[in-house]
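The structure presented is a predicted model; accordingly, all values stated were derived computationally and were not measured. What's counted below: heavy atoms across the whole structure, side chains too, no hydrogens, waters or symmetry copies.
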Amino acid sequence: MAMVHTGGPDGVRLHVQRLGPKQGGPQEGGPDHAGPGRGGAAPTAVLLHGLLTDSLAAYYFTVGPGLAAAGVDVVMYDQRGHGRSERPAGGYRLEMFVGDLERLLDRLGIHGPVHLVGNCFGGTVAFSYAVRHPERVAGLSLIESEPATGAWAAKLDRLLGYAAAQLSEHESDALAWIDAHHGGHTARLARSAARLVRTTSIAREIPSSAVLDEGRIRSVRGPVLALYGADSDMAAQAPWLKSLLPDTRTVIVPGHEHSVLVEVPALVLEHVLEHVLEHDRDGDRVGARVGARDPGGRAVGRPGGRPRVAAFAGVETAP
């Protein structure tokens, strides 16, 4: 574990965890850590989590260790305001999150192309970073996520406005309902989200973020993996994203909604790992395509390429 300050007048201290290639265990997150972008042998994947109730733990207990065990250098961090990272009162427009990623990679000494894996809002951050720095992105893996468009901003305005009302104005009742229907762990996450909404400007600032038009979305150069739950409203955007970025592979997970990362982590790991290995710009440097196993002893990766899926019209349906 490390706390890394991003620098500058609007910089924040970010809680960073790094999992070493083929070890799956935590490594020091500072700039002296040997790894990709500095002559290392492994591709780097940066994992970005979602909003409010989320943190790097969403990856630490799902796909992070499996990626590291397969030979990937994994960087995870709590985004500003979340987890153990600093929580400023303001500075929550999307551009600030993108700037944090940019400066964090510089502070860690990672200058080569990286694979960005983003869940929900984390994917939105990753996409905007790829527009700003196409030369520094080897590929995007978007899990239940979307680019920052006008429609996205309007949706976030509704969702965050509702969250602010329920978690700030009616916090006790909302937390009691969450505890009764979803358990104590989810209620604790919601309590942390309530503090974030109550003590910062996040609910007002994110909907006012700069958005992308279709021309800027088309400027993304790297390959894209887009993974959706079949019962999620985000799955409907798959044809639109494919029309703008032909180098997009879409995977639909039947029987699931938004929480595919935590509900089917093994499936998400399989697809993300294959995407990273297939599109590693420095060649097939990772020897984990055959026979690698995650810390639980399960095989990760699959010899010869694609996972076993049914494909139709450019969209893959997971089994």
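If you look at His115 and His279, their ring centroids are not closer than 6.0 Å. Here His275 and His271 keep their ring centres 6.0 angstrom or further from each other.
In this structure, Arg249 pairs ionically with Glu274, as a charged nitrogen and a carboxylate oxygen lie closer than 4.0 Å. Look at Arg80 and Glu86 and you find no salt bridge, because none of the NZ, NE, NH1 or NH2 atoms lies under 4.0 Å from a carboxylate O. Using a cut-off of 4.0 Å between Lys/Arg side-chain N and Asp/Glu carboxylate O, Asp157 and Arg204 are scored as not salt-bridged. Under a 4.0 Å N-O distance rule, the pair Asp10/Arg103 qualifies as a salt bridge. Look at Lys155 and Glu146 and you find a salt bridge, because one of the NZ, NE, NH1 or NH2 atoms lies within 4.0 Å of a carboxylate O, short of that distance.
For the residue pair His15 and Asp78, a side-chain donor N or O sits within less than 3.5 Å of a side-chain acceptor on the partner. A side-chain donor-acceptor contact under 3.5 Å links Trp240 and Glu214.
Listed for the Ser209 side chain is a donor-acceptor partner under 3.5 Å among the backbone atoms of Ile206. Side-chain N or O atoms of Thr250 include none that pairs as donor or acceptor with a backbone N or O of Ala238 at under 3.5 Å. Here the side chain of Thr248 pairs a donor or acceptor atom with the backbone of Leu245 at under 3.5 angstrom. Judged by distance alone, with hydrogens and angles left aside, the side-chain atoms of Tyr59 form no donor-acceptor pair with the main-chain N or O of Ser55 at under 3.5 Å. Between the side chain of Asn119 and the main chain of Gly122, no donor-acceptor pair closer than 3.5 Å is present.
Residues forming a ring-ring contact (aromatic ring centres under 6.0 Å, His included) with Phe97 (at least two apart in sequence, or on another chain): Phe121. Every residue two or more places apart in sequence or in another chain was checked for a side chain to side chain donor-acceptor pair (under 3.5 Å) with Thr6, and none qualifies. Scanning for side chain to side chain donor-acceptor pair (under 3.5 Å) contacts around Ser219 gives an empty result, with sequence neighbours left out. In terms of the ring-ring contact (aromatic ring centres under 6.0 Å, His included) criterion, residue partners of Tyr129 (sequence neighbours excluded) are, by chain and number, His133. With sequence neighbours left out, Gln79 forms a side chain to side chain donor-acceptor pair (under 3.5 Å) with no residue at all. In terms of the side chain to side chain donor-acceptor pair (under 3.5 Å) criterion, residue partners of Ser201 (sequence neighbours excluded) are, by chain and number, Glu205.
Atoms CG and CG, from Leu51 and Leu156 in turn, are 6.5 Å apart once rounded to the nearest 0.5 Å. Note that CZ of Arg107 and NE2 of His5 are 8.5 Å apart. Values are rounded to the nearest 0.5 Å. Note that CD1 of Ile252 and CG of Leu227 are 7.5 Å apart. Values are rounded to the nearest 0.5 Å. To the nearest 0.5 angstrom, Arg13 atom CZ is 4.5 Å from Met3 atom CE.
Clustering ILVMFWY residues whenever any of their side-chain heavy atoms sit less than 4.5 angstrom apart, transitively, puts Val98 in the very cluster that holds Trp152.
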